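Heads up, the thing below is written out as structure tokens.
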Protein chains: 2
Amino acid sequence: MVQDSIRVLQAQGYKVTKPRRQVLEILEEAEESLSPYDIQRLLRQQGKHLNHVTIYRILDLFCSLNLVHRILLSGGFVKCTLSNKEGCHRFMVCYHCGATQEFVDQQLCLQESKSTQNLGFHTQYHFSESSGLCSACYKKQLQKQEEAQPQSNR
Amino acid sequence: MVQDSIRVLQAQGYKVTKPRRQVLEILEEAEESLSPYDIQRLLRQQGKHLNHVTIYRILDLFCSLNLVHRILLSGGFVKCTLSNKEGCHRFMVCYHCGATQEFVDQQLCLQESKSTQNLGFHTQYHFSESSGLCSACYKKQLQKQEEAQPQSNR
DNA sequence: CCGTAATCGCAACACTGTTGCATTTAAGCT
DNA sequence: AGCTTAAATGCAACAGTGTTGCGATTACGG
């Protein structure tokens, strides 16, 4: 919820401004990650104009507060959906529709830390993203394949 | 070895050109990931001039052949050190000196696939980078801390 | 050594991200 | 509600990153 993020801003002594609300709302609605310029475009379509510098600065702030994460595979940003759950926040990204889903897995974190430790590394943070098909796009693809080769026996 | 990469190029029907050799050599020597412009700068210091477009195209080709990987945390490129080992190639990146180390961990891959599958996702590949301190930088940091508070009892 | 397809260089451009400074605004205080 | 002011935004200008088209060059097989 946007409201939760606003409370975090207030609690940390940051002002709740119109641009910040607008960016939060846009990210809240989005299914896929959005670049700063995507956000600007979407807002413009609603008649709201923000300077791209402002959007960059807002995203920097939100990331530093963990209200938003950057997806490395796409370079875009998504609203965090897990509040402050333990462990690093991981992402699945559908390479067909772009949809993202966030999750944590403490087991994975532990195992990952162990792996890197064995190699003499003192890990601070894991970045983990999986690229694949979301269930919806997977089904669509199966259907298309069947249509392409009906009753095929190969 | 550069020679191995050259054999891959030949085997796939790509020409072995001077620019391609030069980029391979630069990446072979580097400890950290290099951006296309880093590569251009380093080559220029050796009196070798490559157009940045050429470097981009060479890196694209090398990535498609898995001779080189892109590090998303830094946006730079590194030469693959594992040839064609099974499983996704993971990276540790030292946030102090920038050194990278590549590794694979089939256990991790399996567990990761299971995790995402449970969430309805059909994963194609994992992308995984860990940020932390390499053993050398970790030791350096410990020393610094001791110098800063000698015989401290806190 | 020659012919040619692959590769490279160049120019121009599009996108992404940053800095400094003047202007505006949120929010606390009467 | 109006006043104050530190925080935030807008603007302009710029730096870095990545792409496209096309003519010139080059690796490599014959």
Side-chain angles (χ1 to χ4, degrees), chain A residues 2-3 5-26 32-44 46-65 67-78 98, chain B residues 2-3 5-27 32-44 47-65 67-78 98:
Chain A
V2 168
Q3 209 49 46
S5 303
I6 288 177
R7 262 190 287 274
V8 172
L9 284 179
Q10 287 171 331
Q12 306 283 329
Y14 293 102
K15 289 187 181 174
V16 178
T17 64
K18 203 159 62 170
R20 287 179 181 166
R21 282 178 189 280
Q22 292 173 343
V23 170
L24 280 174
E25 281 160 17
I26 285 289
E32 347 82 44
S33 67
L34 300 176
S35 78
Y37 287 96
D38 288 335
I39 293 172
Q40 191 178 45
R41 225 168 286 132
L42 290 168
L43 283 171
R44 195 159 40 219
Q46 304 179 4
K48 299 163 186 170
H49 289 260
L50 286 190
N51 191 280
H52 71 280
V53 181
T54 300
I55 298 174
Y56 274 97
R57 294 199 267 230
I58 288 174
L59 291 171
D60 282 349
L61 173 65
F62 288 174
C63 281
S64 76
L65 297 173
L67 297 176
V68 159
H69 300 296
R70 165 157 234 175
I71 305 292
L72 295 183
L73 280 174
S74 63
F77 295 84
V78 294
Chain B
V2 168
Q3 209 49 45
S5 303
I6 287 176
R7 264 190 287 275
V8 172
L9 283 180
Q10 288 171 330
Q12 307 282 329
Y14 293 102
K15 290 186 178 173
V16 179
T17 64
K18 203 159 63 171
R20 286 178 181 167
R21 283 179 188 280
Q22 291 173 344
V23 170
L24 279 174
E25 281 160 16
I26 285 289
L27 286 174
E32 347 81 44
S33 67
L34 300 176
S35 78
Y37 287 95
D38 288 337
I39 293 171
Q40 190 178 44
R41 225 166 287 133
L42 289 168
L43 283 171
R44 194 158 40 218
K48 299 164 186 169
H49 289 260
L50 285 191
N51 191 280
H52 73 279
V53 180
T54 300
I55 299 174
Y56 274 98
R57 294 200 266 231
I58 288 174
L59 291 171
D60 281 350
L61 174 65
F62 288 175
C63 281
S64 76
L65 297 173
L67 298 175
V68 159
H69 299 294
R70 163 155 238 178
I71 305 292
L72 295 186
L73 277 175
S74 63
F77 295 85
V78 295

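Keep in mind that this is a model prediction, so the values were computed, not measured. Chain letters run A, B, ... following the sequence lines, proteins first and then strands; every chain starts at 1.
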field: Selected nucleotide, minimal atom distance to A:Lys15 side chain, candidates C:dT25, D:dT26, C:dC10
entry: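 Nucleotide nearest to A:Lys15's side chain: C:dT25.
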
- prompt: So which nucleotide from C:dG17, C:dC8, C:dA27 ends up closest to the side chain of A:Tyr37?
  reply: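 Minimum distance to the A:Tyr37 side chain belongs to C:dG17.
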
- request: Give me the ring orientation class for B:His52 and B:Tyr37: parallel if the planes are under 30° apart, tilted from 30 to 60°, perpendicular past 60°.
  value: parallel

query: Would you say the side chain of A:Arg57 and the base of C:dG17 hold a donor-acceptor pair, judged only by whether the two atoms sit under 3.5 Å apart?
result: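 Result: no qualifying N/O pair found.
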
- prompt: Has B:Thr17 got a side-chain N or O lying under 4.0 Å from the OP1 or OP2 atom of C:dT7?
  reply: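 Answer is no, no contact under 4.0 Å.
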
message: With a 4.0 Å cutoff (strictly under), does any side-chain N or O of B:Tyr56 reach OP1 or OP2 of D:dG18?
response: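 B:Tyr56 to D:dG18 OP1/OP2: side-chain N or O found under 4.0 Å.
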
message: Taking the nucleotide of DNA chain C with the nearest heavy atom to each, does B:His49 or B:His52 sit closer to the 5' end?
response: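 In this pair, the answer is B:His49.
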
- prompt: How do B:Val53 and A:Asp60 order along DNA chain C: which one's closest nucleotide is nearer the 5' end?
  reply: B:Val53

query: Between A:Asp38 and A:Ser35, does any side-chain donor sit less than 3.5 Å from a side-chain acceptor?
result: yes

message: Mind checking if A:Tyr14 touches a base, just sugar-phosphate, or nothing, with heavy atoms under 4.0 Å?
response: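 Touches sugar-phosphate only.
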
message: Under 4.0 Å, counting only non-hydrogen atoms across every strand here, what does B:Arg41 touch: a base, just sugar-phosphate, or nothing?
response: nothing

Please output the side-chain donor-acceptor pairs of residues 67-75 of chain B that fall under 3.5 Å, not counting sequence neighbours, one pair per line with the distance.
from    : atom 1 : to       : atom 2 : distance (Å)
B:His69 : NE2    : B:His89  : ND1    : 3.2
B:His69 : NE2    : B:Glu102 : OE2    : 3.0
B:Arg70 : NE     : B:Gly75  : O      : 3.4
B:Arg70 : NH2    : B:Gly75  : O      : 2.9
B:Ser74 : OG     : B:Ser33  : OG     : 2.7
B:Ser74 : OG     : B:Gly76  : N      : 3.2

